[in-house]
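Please read all numbers here as calculations on a predicted model, not as lab measurements.
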Amino acid sequence: MQRSPALITAFHGAIRKRVEAHLKGKELLKDYVTAHIPGYLLAVLLIIVANVVQSALPLVLGNFTDDLQRGTLNYNSVSQFALLLLGIGVSYGVLFGLGQYQVMRLGRRFEFEVRQKLFDKFSTLSEHFFSKQGTGKLLSYVTNDVQSVRESISNGVTQTTNAVVLLLSCIVMMMIGNIPLSLILICISPLVLIPLIVVRIGPQVRKRSMDVQESLAGMTESAEEQFGGIRVTKTFGTEEIAGNRFGEKVDLIRSTQLFLVRLSSLFQASIPFLGSLSLVLALLIGGTQTLNGTITLGSFVSLTLYMRIIVGPLQQIGNVINMMQRSGASLERVNRLMNEVPDVQNEEHAAALERPEVIRFEHLTFTYPGGREPALQDIDLAIRPGQTLGIVGRTGSGKTTLVKLLLRIYEPPRGSLFFGATDIRDLSLESLRGRLAYVPQDGFLFSTTIRDNIAFSDREVPLEKVEKGAKRAMIYDNISRFPEGFETRLGERGVTLSGGQRQRTSLARGLTKKAQVLILDDSMSAVDSVTETGILDNLIRERRSKTTIIISHRISAVKHADEIVVLSEGRIVQRGTHEELLRREGAYAMLHRLQEEGLRHDEFE
């Protein structure tokens, strides 16, 4: 069976992109550490020197004890010992402080860079991905997960270096201090059980940490939803129901956290316990050898102090291992996100859309990912440059789906949608969306000034152009009445404005872009008929040579269009001008009568 070269190329391209995305996610932490090796080496070196200096402290105290026992101490030697101990303390504090600062600084930089990469990743993912994710869950990646990984690499580098170097330094110093090697080995023998504990409990900590992070994401998502819908909750008087729903998420976190705390506590307590056993052996065996005269009293003091110091590094090792298991779960979640391959992305040799050309839908049939029935079926349509196209149809007939394919929010089947002779999938997303302006029905506004919202596509646009766009959208007079005018800051999602004002502000944003193709997706549904007429008159006057696509339930919004298509169950069932469609008996004429003559709505349904 022959295979199309284009199909094979597309298949290999998809595989290559998935592999690249997978490697990019997996190497997220490795690449950062590799890029900052000099900084980490400097920090590790400072911490190593600090701990080597600190490890001399018991040796000095042991020598002091021996001199005291022999009676060779005098005021001068006591002062020398005191200055030496002071020098050790100051040197350790300065060196360790500088090393820890360097590690923490690099950790904060990692946090900044990864959050920026996550946002960049979010901006490349398609609507299909976001339709499966809640906002709270996405926020959890940027906050909880990144913070967990940052804390692990910051504290992990510091505590691991500190613990390992201090342990080794203590052992070396004990040997230098004439403590028998056999005694040293006996005292540290309980420490060989640490790897067994790590292998046994570590994976369980990691698994439970993953459960905790998932439950935190669920709680964040629930909180975001409850805060966003607080007005609906209060209107319906369902505060108790909302509280119970959020409480279920909190209870889930509590149960997973408590289980993890019990497991982590057992893990972290067992390692210092082994250190305490080492101290017991040092006192028992070392004390016996001191009484027998095998070792000096100073050596015994040094041994017990070293065993006491070793407990600290062992505690840190337990903390690090526990922290690494927890952060490993967070890193796995972040990597999983970074491995996501966008459903819609540029082809390897994508071309730029230079000028407006005829837009052609050729036998387009499209089914949403995971859907069973096609949302659009056998769409044949041509939109000439400068043409105004009206699209009407019942809810769920496929109007918005058609526009989403034109914007490549979802990927249309290859060979079904063209700009001129170029398949839309061979055009770069930047050039395509840069020449299209889309005004949706909901008219999302950002929590910034009205001016910034209107000039969203180009924040450097002069105020005069912003005002001109507002006038064409019939919102200028409303804005002028605000004390701060166009500098008025909007509340979250634009709640400062009414529904109609939000729609018209969103429309002004689309008109200010001066795009070659303007798409209005039922974007005048919340304005009155008089305002709608004024906006349409401005559109007709301003966009004579530009392509405009108007989706609406209102006949008044599309009747001036050069061509009107009527969609029903994903198919074009009628097309023509306003006058032509009125002369034919069908869905359009029925909708017109319903709106103009007040017929019952269910007749159209």
Side-chain angles (χ1 to χ4, degrees), residues 1-18 20-21 124-129 131 341-387 389 391 393 396-436 438 515-517 519 521 547-549 551 563 565-575:
M1 182 175 64
Q2 293 290 330
R3 292 186 178 180
S4 166
L7 181 62
I8 294 174
T9 302
F11 175 77
H12 283 294
I15 294 296
R16 177 182 54 79
K17 289 171 183 175
R18 287 187 179 275
E20 288 176 353
T124 66
L125 296 173
S126 62
E127 184 175 302
H128 176 57
F129 170 82
S131 67
V341 179
D343 298 320
V344 180
Q345 53 187 322
N346 286 327
E347 296 294 333
E348 190 171 355
H349 301 292
L353 180 61
E354 299 295 340
R355 61 183 185 279
E357 298 184 67
V358 61
I359 303 171
R360 293 183 293 111
F361 295 84
E362 295 187 356
H363 303 290
L364 184 148
T365 297
F366 173 76
T367 303
Y368 280 105
R372 295 183 177 180
E373 299 294 329
L376 293 171
Q377 300 183 63
D378 198 28
I379 301 295
D380 257 327
L381 183 65
I383 308 172
R384 302 182 308 277
Q387 178 183 357
L389 174 72
I391 304 176
S397 60
K399 304 185 298 297
T400 300
T401 301
L402 197 68
V403 170
K404 286 182 177 180
L405 296 179
L406 189 58
L407 289 162
R408 283 187 70 189
I409 294 175
Y410 285 91
E411 201 76 277
R414 181 169 285 279
S416 62
L417 180 52
F418 298 86
F419 272 74
T422 305
D423 192 305
I424 193 173
R425 295 179 60 163
D426 293 326
L427 295 173
S428 69
L429 291 169
E430 295 77 12
S431 66
L432 173 67
R433 293 171 182 172
R435 297 188 180 279
L436 274 64
Y438 176 55
Q516 295 169 343
V517 179
I519 304 169
D521 189 356
T547 304
T548 306
I549 301 173
I551 297 173
E563 183 180 20
V565 297
V566 182
L567 289 176
S568 178
E569 297 182 353
R571 297 179 180 273
I572 297 178
V573 294
Q574 284 187 299
R575 69 174 73 203

Find the distance between CZ (F366) and NZ (K404) and round it off to the nearest 0.5 Å. 9.0 Å
K399 and G393: which non-hydrogen atoms are nearest, and at how many Å? NZ-O, 3.0 Å
Nearest 0.5 angstrom please: L567 CG to I572 CD1, how far? 6.0 Å
Can you tell which of T547, V517, I549 makes a side-chain contact (heavy atoms from CB on, under 4.5 Å) with L436? V517
Can you give me the closest heavy-atom contact between H363 and D378, atom names plus distance? ND1-OD1, 2.9 Å
Closest contact, heavy atoms only, E563 versus L381: OE1-CD1, 4.3 Å
Residues E430, R433; criterion salt bridge (charged side-chain N to carboxylate O under 4.0 Å, His left out); working and verdict: CA-CA 6 Å; E430 295 77 12; R433 293 171 182 172; over 6 Å; no
Can you see which heavy atom on R408 is nearest to which on Q345, and at what distance? NH2-O, 3.1 Å
For N346 and S428, work out which heavy atoms get closest and say how close. OD1-CA, 3.2 Å
With a sphere of 6.0 Å drawn around CD of E569, does it hold more than 12 non-hydrogen atoms of other residues, nucleotides or ligands? no
Where D380 and R575 come nearest, the two heavy atoms and their spacing: O-NH2, 2.6 Å
Derivation of the side chain to side chain donor-acceptor pair (under 3.5 Å) call for Y410 and D343: CA-CA 7 Å; Y410 285 91; D343 298 320; over 6 Å; no
Rounded to the nearest 0.5 Å, how far apart are CG of L406 and OG1 of T400? 12.5 Å
Show me, pair by pair, the donor-acceptor contacts under 3.5 angstrom made by side chains of residues 415-427, not counting sequence neighbours?
residue, atom, partner, partner atom, Å
S416, OG, P413, O, 2.5
D423, OD1, R425, N, 2.9
D423, OD2, G415, N, 2.6
R425, NH1, P412, O, 3.1
D426, OD1, R414, NH1, 3.2
D426, OD1, R414, NH2, 3.3
D426, OD2, R414, NH1, 3.3

